[in-house]
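One structure is given below, encoded as structure tokens.
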There are 2 protein chains.
Amino acid sequence: MKGYGQFCPIAKASEILTERWTPLILRELICGSTRFNDLRRGVPLMSTALLARRLKSLEEQGVIERRPLPSGRGADYLLTDAGRELEPIVMAMGEWGARWARSRLTEDELDPALLLWDIHRQARPENFPPGRTVIAFEFTDVPAVRRQWWLVSERAEGSVDLCATDPGFEVDLFVSATIRAMTAVWMGERSLEAALAAEDIELAGPSVLCRSFGAWLGLSAFAAVPDRRGA
Amino acid sequence: MKGYGQFCPIAKASEILTERWTPLILRELICGSTRFNDLRRGVPLMSTALLARRLKSLEEQGVIERRPLPSGRGADYLLTDAGRELEPIVMAMGEWGARWARSRLTEDELDPALLLWDIHRQARPENFPPGRTVIAFEFTDVPAVRRQWWLVSERAEGSVDLCATDPGFEVDLFVSATIRAMTAVWMGERSLEAALAAEDIELAGPSVLCRSFGAWLGLSAFAAVPDRRGA
DNA sequence: CAGTATCCGATGCGATACTG
DNA sequence: CAGTATCGCATCGGATACTG
């Protein structure tokens, strides 16, 4: 059986919202991703086949609109009015999760690609110095293939790009950290200052950049939500 | 794979909230049901085995508390603090559903048992006349076994009970209706007046009771939400 | 880059029966 | 009334390969 066989609006909404992965796809759309491969980066453990199926399903349900690109290849996936009204629900789920179901940051949840994808999306170019700024991340405790990442801010273009391979530019700031420490800071579990003091995160570069690191890094949207488990 | 393998609080919340049937179980708890068989009536298409499993799972996740009855048999299922904080999310889902995913009231969604379970729960005893009031429902277009229902208000006890078999009391008000008309009125799709005028709902009894029918019947919590599909 | 096609395995879930 | 126990199927979804 597919649906719930109930006329109740909660049941009807659940038939759409509670399909596996759907809230996470909505999160990606809410955060501003519109292209298939960008969405994919936000749900790396989801197969492309399933993502495509879900997008099609969400389109049929009127939550998103698939707008083919002028080039004829690919498309933008955009929230409809209905989809945009799901934002408060998805965000409320996140807030509830932060309060009552916080991640214990188990091994399998520590993923540099996902973490930096989050960080790069939140990073505000206007907080970076003028011109191009390149920040190199090295995660000391992950396998070589996922160890190094580059964040490239081009203030003129107002863009912050994430690279998994060396873009070749001169690096302005080196960040060396354990994936756990960087994730904990991002999630608001630890302060950046504490992680720096413990040398779980180390910075190398001009002191002006080191000092502004915290400013442009920002934090997860839910970092400020207090943990209430056990309260 | 069970979870989503992401530290994101939306993902963590989704692991709990988006299991099949879970939002509907929460709805029942929010509406005040605490006993296994009451919860069951709210999700009649769910197997008892699965309901039991979900309740256990929700207990482990800290959303509900299972409090065995003093009698030693059975238990009350109560929302914890965490569970109570899910209420705005579940209700927001309902509101979204009422706006953007309204039921078309297809055959399989028209269920007298579920409709009257909703109605009886919403019915406020204080709106009934003093003493005992018995309302008999007859759904003219459903099979004989589910055709007749009795709503018994005992104002002294402040209770409204729902019976699928004749409780034997004298009936004060007879309501005869199609299941579709009664459901449409309950859901706010049609006005009671229109359904009465079209004789899709007919009342028989003292005129004072007939006139107050609409008052104590009430409407679904989402009846007032405007349909925005196609807008 | 932006998906589609196919296959197969796990398991979620519904049905039914049973128990104190 | 308040659940357990068992079983078997369907289907969901993950993996892999492929395409314009």
Side-chain angles (χ1 to χ4, degrees), chain A residues 1-6 11 14-25 28-29 33-60 64-78 108 161-165, chain B residues 1-6 11 14-25 28-29 33-60 64-78 108 161-165:
Chain A
M1 183 198 301
K2 199 91 212 280
Y4 291 111
Q6 295 197 1
S14 294
E15 290 178 10
I16 295 173
L17 268 181
T18 76
E19 270 193 312
R20 185 162 167 78
W21 292 108
T22 293
L24 301 197
I25 296 171
E28 293 305 305
L29 290 162
S33 292
T34 63
R35 303 291 291 275
F36 190 84
N37 276 327
D38 283 348
L39 292 168
R40 212 143 93 72
R41 266 184 271 260
V43 283
L45 295 184
M46 187 181 190
S47 73
T48 70
L50 188 53
L51 175 56
R53 212 183 312 156
R54 281 288 181 279
L55 289 171
K56 208 163 290 174
S57 162
L58 284 170
E59 191 187 1
E60 282 163 10
I64 65 175
E65 177 196 351
R66 181 182 193 279
R67 189 173 295 176
L69 295 176
S71 67
R73 189 133 300 192
D76 275 322
Y77 295 92
L78 305 169
D108 59 308
D161 286 341
L162 174 62
C163 310
T165 57
Chain B
M1 187 199 300
K2 198 97 214 278
Y4 290 111
Q6 295 196 2
S14 295
E15 290 176 10
I16 295 173
L17 269 180
T18 75
E19 270 192 312
R20 185 161 168 79
W21 293 109
T22 293
L24 302 196
I25 297 171
E28 293 305 305
L29 290 162
S33 292
T34 64
R35 304 290 291 275
F36 190 85
N37 276 329
D38 283 348
L39 293 168
R40 212 143 95 71
R41 265 185 271 259
V43 284
L45 295 182
M46 187 179 191
S47 72
T48 69
L50 188 51
L51 175 56
R53 211 182 314 155
R54 281 287 181 281
L55 290 172
K56 209 162 291 176
S57 160
L58 285 170
E59 192 188 1
E60 283 163 9
I64 65 175
E65 178 196 350
R66 182 181 193 279
R67 189 174 297 176
L69 295 177
S71 67
R73 188 134 299 192
D76 275 323
Y77 295 92
L78 306 169
D108 60 310
D161 285 341
L162 173 62
C163 310
T165 57

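Proteins get letters first, then strands, A, B, ... in listed order; numbering begins at 1 in each.
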- request: Name all residues meeting the side-chain hydrogen bond (donor to acceptor under 3.5 Å, both in side chains) criterion together with B:R67; count only those two or more places apart in sequence or in a different chain, and write none if there are none.
  value: B:E65
message: If a pair means Watson-Crick or G-U wobble with both distances below 3.5 Å, what does DNA chain C look like in dot-bracket form, with | marking bases paired to a different strand?
response: ||||||||||||||||||||
- prompt: Which parts of residues 50-58 of chain B get close to DNA chain C, meaning a heavy atom less than 4.0 angstrom away?
  reply: B:L50, B:R53, B:R54
- line: Testing D:dG3, C:dG14, C:dG3 for proximity to the side chain of A:R66, the answer is C:dG3
message: Quiz question: going by heavy-atom distance under 3.5 Å, is there a donor-acceptor pair between the base of D:dT16 and the side chain of A:S47?
response: no
field: Validation row: B:Q6, A:P44 side chains within 4.5 angstrom (heavy atoms)
entry: yes
- request: Please report the C-alpha distance between A:V43 and A:W21 in whole Å, then the side-chain angles of each, then the deciding distance to 0.1 Å, and finally whether the side chain to side chain contact (heavy atoms under 4.5 Å, CB included) criterion is met.
  value: CA-CA 8 Å; A:V43 283; A:W21 292 108; 3.9 Å; yes
Spacing of A:R41 atom CZ relative to C:dC1 atom P, expressed in whole Å: 7 Å
task: Tell me, please, which residues at least two apart from A:S57 pass side-chain hydrogen bond (donor to acceptor under 3.5 Å, both in side chains).
output: A:Q61
- prompt: Can you tell me if A:T34 and A:D76 form a side-chain donor-acceptor pair at under 3.5 Å?
  reply: yes
message: Please report the distance, rounded to the nearest Å, between CG in A:D38 and C1' in C:dG3.
response: 14 Å
message: Is B:Y77 close enough to D:dG3 that one of its side-chain N or O atoms is under 4.0 Å from OP1 or OP2 there?
response: yes
- prompt: In whole angstrom, what separates A:Y4's OH from C:dG12's C1'?
  reply: 12 Å
- request: Using atom CG of B:L24 as one end and atom P of C:dC13 as the other, report the distance to the nearest whole Å.
  value: 12 Å
statement: Taking C:dG3, C:dG20, D:dG3 as options, the one with an atom nearest any side-chain atom of B:T48 is D:dG3
query: Heavy atoms under 4.0 Å, any strand shown: does B:A49 hit a base, just sugar-phosphate, or nothing?
result: base
- prompt: Quick one: A:F36 CZ to C:dG3 C1', roughly how many Å, whole number?
  reply: 5 Å
query: Roughly, in whole Å, what's the span from CH2 in A:W21 to C1' in D:dG14?
result: 10 Å
query: Mind checking what makes side-chain hydrogen bond (donor to acceptor under 3.5 Å, both in side chains) contact with A:N37, not counting sequence neighbours?
result: A:R40
message: Is the shortest side-chain heavy-atom distance between A:I64 and A:L78 below 4.5 Å?
response: no
- prompt: What residues, two or more places apart in sequence or in another chain, satisfy side chain to side chain contact (heavy atoms under 4.5 Å, CB included) together with B:S71?
  reply: B:L69, B:R73
- prompt: In whole angstroms, how far is the P atom of D:dG13 from the CD atom of B:E19?
  reply: 12 Å
message: Please give me the minimum heavy-atom distance between A:M46 and A:R54, naming the atom from each residue.
response: CE-CG, 3.6 Å
query: If you pin A:R73 and A:M46 to their nearest nucleotides in DNA chain D, which one's is more 5'?
result: A:M46
Integer-rounded Å distance: C:dG3 C1' and A:I25 CD1: 14 Å
query: What's the closest nucleotide to the B:N37 side chain, out of C:dG3, D:dG3, D:dC1?
result: D:dC1
- request: Working to the nearest 0.5 Å, report the span between OG1 of A:T18 and CG of B:L17.
  value: 9.0 Å
